[in-house]
Amino acid sequence: MLEKFFSTPKTLRRLRGGLSGPHIDAFADNLERDGYAPASAVRYIRAAAHLGCFVQRKGDVLSDIDLNILDSFGRHLRRCRCPHFKRGKISYHAQFGVKLFYRHLIGCGICPSESVQNLPANPALVTAFCDWFRTHRGAKEPTLRHYARGATDLLRTLGEDVGQWNARALRDFLLERASQCRKETTKSLIPALRAFLRFLNFRGECRDDLALAIPAVASWRLARLPHCLSAEEVDRLIAACDGTDTGRLRDRAILLLLTRLGLRSGDVASLRLKDINWNSGTLQVMGKGRYQVCLPLPQDVGDALLRYLECRPANIDTEHVFIRSIAPCRPFASGDGVSSVVKHALRRANIDSPAKGAHLLRHTAATEMLRNGVPLDQAGLVLRHRSIDVTAYYAKADVALLKQIAQPWPEVNV
Ligand SMILES: [Zn+2]
């Protein structure tokens, strides 16, 4: 309801009267639901009404709004002479507000979704490749987008005359990319290029051995030492979340889940209220590969969760345990938000570590378990590893443990 933010009848009439008017009450409700501060919400609502005026003056309608119109609105703000809208020097609030309003209109189905209208057009050959790959390999959209990027890059670099491509040009292309980006990025480019070349070969457009010309990038699984924190650093990290405000209580519960149970960031982000069984003191976690595991809930983790849940904003309608502490106050969209909680806590605790995300704490939990004598198979169960090799990887951090794992060389009796 607009009345939560504005009281003057004249202003209310004006905001509801323009082109944005029919959607402005629902937009205000969304801003309130998402936890925006009233002062910010007021600016965003004004911006939404301002955008309506701007679009109307151009002779367009709301469904015409797209990123181009938002762009020209941003330029308009600098020289705006519209009555009722203050020409502020800082237009960031207005620009952010219209973006939120645009997303709101997409959500209501008034404007077509961004992803449909703003994808750069792929070359025809790449589009045909994606269709072929979707039909014959059942590839999903994220894979197709990634493959299309690689194929487009290749096509733009080597030229459209694919009949002229040769092994040398392909290798030069890959070596150049390898010098420009990280090894992981280069590695992920290889299947995209091979698939595209196989497709071209299937259509008879390029020589048949070109896919073989793409070399592999050497890398060994589990070859690096895991990064982990010492017991003293873990204590400091948890202490960096002392305090009684909701944000600190949430961060404390998250860090304890990560360090005691070694959960993945995604597990924490997707944890739901129904996954916690207070009676049995257990936690249901959906692991990788979609199999569910029941983990014991240590006392301190349970206490921290309970304290957070008691003071978590009650008006947010969600099944998720953890929600963002800044607007929009919704569940974390992915594990990235959880990793960012870890990163901030590390900074507060003054811990300098080469790895900064949630996985650092999973490594720490794993190494701690093994150090404290938990057998490999049981540690693997808690960490939900499908193979014991992966659990043994954590033992690398401790040479004493490595000795236990190394099998004695069989002696031959003669
Ligand atoms: Zn204006």
Side-chain angles (χ1 to χ4, degrees), residues 184 219-241 251-271 281-283 285-289 291 293-305 335-336 338-408:
E184 286 74 16
S219 88
W220 287 269
R221 200 169 151 256
L222 312 175
R224 282 176 305 158
L225 274 180
H227 295 298
C228 59
L229 300 180
S230 68
E232 182 267 333
E233 285 173 322
V234 171
D235 289 346
R236 249 164 65 208
L237 187 69
I238 307 286
C241 301
D251 292 358
R252 195 182 154 81
I254 289 179
L255 291 182
L256 282 169
L257 278 170
L258 295 171
T259 50
R260 301 279 189 267
L261 295 175
L263 297 194
R264 295 184 179 93
S265 57
D267 301 334
V268 174
S270 58
L271 192 68
T282 53
L283 198 66
V285 184
M286 180 74 90
K288 258 186 186 171
Y291 68 102
V293 184
C294 186
L295 298 176
L297 189 63
Q299 187 68 40
D300 57 348
V301 186
D303 290 347
L305 273 171
D336 292 351
V338 174
S339 276
S340 146
V341 166
V342 178
K343 206 163 100 186
H344 285 109
L346 284 169
R347 203 176 302 151
R348 285 201 301 273
N350 225 346
I351 297 173
D352 191 21
S353 153
K356 309 243 181 277
H359 235 65
L360 168 71
L361 302 186
R362 182 168 162 83
H363 291 327
T364 306
T367 313
E368 271 306 295
M369 269 186 247
L370 296 181
R371 264 189 199 144
N372 287 316
V374 178
L376 266 186
D377 53 343
Q378 285 177 29
L381 214 60
V382 175
L383 296 165
R384 293 156 290 133
H385 286 152
R386 261 176 292 177
S387 122
I388 204 153
D389 294 1
V390 185
T391 316
Y393 160 70
Y394 291 100
K396 280 196 199 180
D398 195 322
V399 179
L401 273 167
L402 265 186
K403 286 188 186 142
Q404 288 175 28
I405 293 166
Q407 293 296 310

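- The distance from the CG atom of D303 to the CG atom of L256 is 9.5 Å, given to the nearest 0.5 Å.
- Annotation: side chain of L261 is in contact with side chain of P298 (closest heavy-atom distance under 4.5 Å).
- Interatomic distance, E233 CD to C228 SG, rounded to the nearest 0.5 Å: 9.0 Å.
- When all heavy atoms of A345 and A240 are compared, the pair lying nearest together is O-CB, 4.0 Å.
- Contact annotation: the side chain of L258 never approaches that of R362 to less than 4.5 Å [non-hydrogen atoms, C-beta and beyond].
- How far CG of L237 is from CG of L255: 5.0 Å, rounded to the nearest 0.5 Å.
- Within 6.0 Å of the NZ atom in K343, the count of heavy atoms belonging to other residues, nucleotides or ligands does not exceed 12.
- Taking CD1 from I238 and OG1 from T259, the interatomic distance works out to 4.0 Å, rounded to the nearest 0.5 Å.
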*Apply side chain to side chain contact (heavy atoms under 4.5 Å, CB included) to the pair V341 and V268, showing each step before the final yes or no.*
CA-CA 11 Å; V341 166; V268 174; over 6 Å; no
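- Contact check on D251 versus R348 returns a salt bridge, with a Lys/Arg side-chain nitrogen under 4.0 Å from an Asp/Glu carboxylate oxygen.
- Taking each heavy atom of R236 and I351 in turn, the nearest pair found is NH2-CG1, 3.5 Å.
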*Between V338 and D267, is a side chain to side chain contact (heavy atoms under 4.5 Å, CB included) present by the stated rule, with each step listed?*
CA-CA 10 Å; V338 174; D267 301 334; over 6 Å; no
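- Side-chain contact between L297 and L305 is present, with heavy atoms from C-beta onward closer than 4.5 Å.
- To the nearest 0.5 angstrom, L257 atom CG is 5.5 Å from L263 atom CG.
- Summarising the geometry, atom CD1 belonging to I254 is positioned 11.0 Å from atom CG belonging to L361; distances are rounded to the nearest 0.5 Å.
- Closest approach of G357 to V342, counting heavy atoms only: O-CG1, 3.6 Å.
- Proximity of a side-chain donor or acceptor of T364 to a complementary backbone N or O of L360 within less than 3.5 Å is detected.
- Closest of all the heavy-atom pairs between S339 and A358 is OG-N, 3.0 Å.
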